[in-house]
Structure formats: structure tokens, C-alpha cells
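Heads up: the structure comes next, in C-alpha cells.
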Protein chains: 2
Amino acid sequence: MDPPKYRRKGALVTSPAVSSRDLPHPEVAEIRLESVLHALADPMRLRIVRELAAGGGELSCSYFDLPVTKSTTTHHFRVLRESGVIRQVYRGTAKMNGLRRDDLDGLFPGLLGALLDAAARQTARDLGDG
Amino acid sequence: MDPPKYRRKGALVTSPAVSSRDLPHPEVAEIRLESVLHALADPMRLRIVRELAAGGGELSCSYFDLPVTKSTTTHHFRVLRESGVIRQVYRGTAKMNGLRRDDLDGLFPGLLGALLDAAARQTARDLGDG
DNA sequence: ACCGTACTACGATGGCTATCGTACGAAGCA
DNA sequence: TGCTTCGTACGATAGCCATCGTAGTACGGT
């Protein structure tokens, strides 16, 4: 392999920007409600977000035991990141994920809470209520 | 044409159930959060829902002046109905649409309000805030 | 230098979906 | 009995997307 390559979607760079790879996140002003809803409309991603909310801090991708392959898991995390729902950062070999709760609450007050509450209610209902 | 036909997706019936055609709606217990989010993740449908919320009562399909053809409009209304977001009923030649606000508030308290508020905030932001 | 773990990029694939155009059905009215 | 308005069904199409498998990169440890 000639020069070291850090390829991403056709781009070819000779060195990473920082020691850790950095991931593109939308600015707060770029976050679109439709994208957030689309991201959360997928059962797998809604589940990820719920676990993130329950977990409190940051969780690694491998923490999640999803019934899909790792490539699919990567895909879902990327959708969540690119829609502005989560923030991702590399820490060693792991990739830590955290909800962008403050950003979302600033943009859409009460939305995230209502969504998490709605998801919890639906789960309770699915389990036969009480 | 031989016998009168009321076809719907392969089914062939000899007479309508009632004088007005009736449309299938999900029961409250059948409404899924993911489906609601998916329905609202589309800009056209989110717009419809916002206008319905602003309009208060029921609005006919033709009330909306959407930048798509009529068949596409029909499609969007059907997605909204089948996800449980709106209720549709024929009144003469018109088809009236109403938000299922009570049903949704019962299932997911605060969700619809938070969504509508979020959409309003985003619109205000798009217009340059103030 | 080597290995293992964590995650990615890429290509393929099948399914869903937003859109259109055309043709038609139902209701009301002249 | 037509005519008009409102909305539907159907087929086609193009784009998106959730999923997979394979091959590969990055980092930390041995």
C-alpha cells in the first residue's frame, strides 16, 4: 500500500485532521425536525435512543446488542448522528454515543421528553399494561 | 360492464357496506408510535397536519393547495389515516379530514403538542426568527 | 511485529415510497 | 340524462433505505 489512505466517500486524504478521526455532526441550526422524526421512526434507532436516554452518559456502539449485523448497526448510528439526535466521538477503538439532549431541548422544547415518554408508554402497553 | 364493482386492492364486493364509502382506520390500540413518526417525517404530511391543527375542525382534501398532484395528495392522506394521525369521512363528494387529537393525546400525552410546537419553531427559525 | 477488538467502507439487493399520469367511481346539480 | 367536481385505483418509475457480506482501517496490547 503506497501512501496511507484515509478514504471517505471518494475523498482521499493523506493525514487525519486530528489524532482521532472526527465525525461530521450537523450544527444546531442545521438540525431539521423532519430528519429527527425520520431517524426516530425506525424501531431499531428508537430503541438505541431510548437506551441512550436511560443510560444517562455515553455508551459505546458495542454496548448495544441489536438483532442486526454490525454494518447495519453502524448505519443506524450514522443516521442518528447525521440527523442531529446523537453525538459520536471516538475514544480509543471504541466509539462513544451520547444524546444531544441540550441541543434538541433548545431547538424543540419538550419534544425529546414527549417522544421518550411516548415510547415508554407504548412498550408498557405492548407488555399488557399492568 | 357487468355487475357493479367496488374494488379495493384485489377485493371484489357487490355492494358497499353503507351508503357512504367507509374508510379503514386503526383502532386506538393499534396505533404505533413508529408509524406516527414515519407519517410526520414527510414535509408534505407534516404540513397537512399543521394546517389541520390550525384549522381547528375538519377540512376537506381540496382545501389544501399542495405542490403535488391529486393522486399524491390522496396517497399522503391515506398514510396519515392508516397511521392513526387523522380521521377521514366522506361528506357528499368531499372527504373531510380531522386530527385524532384526543386519541393521540390519550396514547401519547404531550406528543402531538410538542410536535406541533417544534414544527412552528422550525418555521419561525427558517423565516429568520424575528 | 503481530494479534485482537471495534468499527467502517463498499457493493449488492430487495423492499418501500413519493411521485406522476390516466382512467374511473361517487355525489350533486342542471 | 348528462356534466362537473372531488377523490380513487392502478401501473410505472425513480429514489431512498434497511439489510447483508466481505474486506479493510484504526487503536491498543503483547
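Small disclaimer: the values here were computed from a predicted structure and weren't measured. Every chain is numbered from 1 and lettered A, B, ... according to where its sequence line falls, protein lines coming before strand lines.
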All heavy atoms of B:Arg81 vs all of B:Pro26, minimum pair found to be O-CD, 3.2 Å
Measure from CG on B:Leu66 to C1' on D:dC6 and round the result to the nearest Å. 15 Å
Integer-rounded Å distance: D:dC16 P and A:Glu82 CD: 14 Å
Closest approach of B:His38 to A:Ala41 (non-hydrogen atoms, all atoms of both residues): N-CB, 3.6 Å
Let me have a per-nucleotide readout for nucleotides 12-20 of chain C, 5' to 3', with B, S or -, counting only protein heavy atoms under 4.0 Å. -----SSBB
Would you tell me if any nitrogen or oxygen in the side chain of B:Ser62 comes within less than 4.0 Å of OP1 or OP2 on D:dT5? no
Rounded to whole Å, how long is the line connecting atom CD of A:Glu34 with atom P of D:dC16? 16 Å
Before accepting this row, confirm whether a basic side-chain N of the pair A:Asp65/A:Arg47 lies closer than 4.0 Å to the acidic partner's carboxylate O. no
Compare every heavy atom of B:Leu107 with every heavy atom of B:Val28, then report the nearest pair and how far apart it is. O-CD1, 3.4 Å
Tell me which one of A:Arg91, A:Arg87, A:Arg100 satisfies salt bridge (Lys or Arg N to Asp or Glu O under 4.0 Å) with A:Glu58. A:Arg91
Rounded to whole Å, the CG-P distance (B:Asp22 to C:dA27) equals 12 Å
In this structure, are over 12 heavy atoms from other groups packed under 6.0 Å from A:Asp126 atom CG? yes
Could you give the CG-to-C1' distance, from B:Leu23 to D:dC6, as a whole number of Å? 14 Å
Rounded interatomic separation in angstrom, taking CZ from B:Arg91 and C1' from D:dT5: 17 Å
Here the distance between atom C1' of C:dA6 and atom CG of A:Asp65, to the nearest Å, is 15 Å
Separation of A:Arg78 atom CZ from D:dA18 atom P, in whole Å? 11 Å
